[in-house]
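Any value given below was found using the heavy atoms of this structure, including those in side chains, with hydrogens, waters and symmetry copies removed. Each chain gets a letter, A, B and so on, in the order the sequences are listed, and its residues count up from 1. The structure displayed is predicted, hence computed values, not measured ones.
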2 protein chains.
Amino acid sequence: MLIGELACQTGSTTKAIRFYEAQGLLPPPARTAGGYRDYGEDANARVSFIHAGQAIGFTLGELREVIAFRDHGQTPCAHVAALLEHKAKEVDVRLAELVELRKTLQGLRDRAAHLDPADCPPASVCHLILPNLPVQKHNIGRIVNG
Amino acid sequence: MLIGELACQTGSTTKAIRFYEAQGLLPPPARTAGGYRDYGEDANARVSFIHAGQAIGFTLGELREVIAFRDHGQTPCAHVAALLEHKAKEVDVRLAELVELRKTLQGLRDRAAHLDPADCPPASVCHLILPNLPVQKHNIGRIVNG
DNA sequence: CTTGACCTTACAGTATAGGGCAAGGTGTAG
DNA sequence: CTACACCTTGCCCTATACTGTAAGGTCAAG
């Protein structure tokens, strides 16, 4: 199977598959006489695994770790379970931040409805946006591939 | 006021302030005889405005738009209000995605507790991570500066 | 023999918000 | 005169997961 067919079957792209190989997520495949990558059937499962992992918020780096366990002859289940715990906590943190941000935004929308633009002081650009608003955490973070 | 003092007063850095200027968020300040940036008191409010905007999830690009209204002699309130609406919707979407992801992760943690690593088939790397899991949206996105 | 689809590598660019470092000028204190 | 703090510009680097483009090789069909 050439790279294009693998990409097609997995809903991926040839670029992505070469990238996964470069990142150590896919083993370097055999080559045809002409130098083309020649994949076996198991490649399909590997690429699907990568996509499934990305869908639940794993980075390629994390998936590489998981795959490394397999390549060392170990079951990656325990490591995956640990990653799941960590991810869940991460998501909880993000959720809390987002809920807080949502409240702040709602408060500002209410303010916007009551303040008169004519009273907006030029020096501070806009009176809708003021310091000391209750959002100090900065980002939401990428949980699943960007 | 030199750039270091402005940075200190606003809790920013000289790099960041020069960056804001390069991005059109701060007007090019006067210069001393020696070529140093020489800020007036209003610069303080501008930088604080930028930080406040970032804290509620505005990108520098969005803040530049807001500032542009002021620089064109208009009140930016209406535009800010529109941005707030948009941001709030964005956050709602992220929240929904994250909640869904959180559920999926919880389901996988439960599965991990019941599956035996000895049954994990090497071909698919790990039986904890399977396709068709109910998370299709990909990223959480940055809402506030990273 | 040529066309076209497919493949190869390598380099650059995307978005965001700066940080790090180099090489050098300025200004004040001792 | 020298040390030292501060300033200048300019260029590259960070993370993530690729995509785009260039320049060229392979292979089957017509």
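We find that OH of A/Tyr39 is positioned 14 Å from C1' of C/dC6, with the value rounded to whole Å. Rounding to whole angstrom units, CZ of residue B/Arg18 and C1' of D/dC7 are separated by 7 Å. The nearest whole Å value for the distance from the CD atom in B/Gln23 to the P atom in C/dA17 is 9 Å. Summarising the geometry, the separation between CD1 on A/Ile50 and P on D/dA17 is reported as 11 Å, rounded to the nearest angstrom. Spacing between atom CD1 of A/Ile17 and atom C1' of C/dT8 amounts to 15 Å, rounded to whole angstrom units. A straight line from CZ of B/Phe58 to P of C/dT16 spans 15 Å, rounded to a whole angstrom. For A/Glu62 and D/dA15, the CD to C1' distance is 13 Å, given to the nearest whole Å. Atoms CG (B/Leu25) and P (C/dA17) sit 9 Å apart, rounded to a whole Å.
Using a cutoff of 4.0 Å between basic side-chain nitrogens and carboxylate oxygens, B/Lys87 and B/Glu90 are scored as salt-bridged.
Note on A/Arg64: every side-chain N or O is 4.0 Å or more away from OP1 and OP2 of D/dT16. Contact annotation: B/Arg37 side-chain N/O to D/dT8 OP1/OP2 distance is under 4.0 Å. Note on B/Gln54: a side-chain N or O is less than 4.0 Å away from OP1 or OP2 of C/dG18. Between C/dA17 and B/Tyr20, no contact under 4.0 Å exists linking OP1 or OP2 to a side-chain N or O.
In this structure, A/Thr13 and A/Gly34 both approach DNA chain D, and ranking their closest nucleotides by distance from the 5' end singles out A/Thr13. If you find the closest nucleotide of DNA chain C to B/Thr32 and to B/Gly61, the one lying nearer the 5' end belongs to B/Gly61.
Scanning atom types as modelled, one donor and one acceptor separated by under 3.5 angstrom connect the side chain of A/Tyr36 and the base of D/dG25.
Each of D/dG10, D/dC18, C/dG18 was ranked by its minimum atom distance to the side chain of B/Leu60; first place goes to C/dG18. Residue B/Phe19 has its side chain nearest to C/dA17 when only C/dA17, D/dA17, D/dG20 are considered. Across C/dT9, D/dC7, D/dT21, the shortest atom-to-atom separation from the side chain of A/Lys15 is found for D/dT21. Among C/dC7, D/dA17, D/dC7, the nucleotide with an atom closest to any side-chain atom of B/Ile3 is D/dC7. Here D/dT9 is the nucleotide among C/dG18, C/dC7, D/dT9 with the atom lying nearest to any side-chain atom of B/Arg31.
You'll find the side chain of A/Leu130 reaches within 4.5 Å of the side chain of A/Arg111, heavy atoms only.
The nearest pair of heavy atoms linking B/Cys120 to B/Val125 is SG-O, 3.9 Å. Closest heavy-atom contact between A/Pro117 and B/Cys77: CA-SG, 3.8 Å.
Ring orientation note: the planes of A/Tyr20 and A/His51 are nearly perpendicular, at an angle over 60° on the 30°/60° scale.
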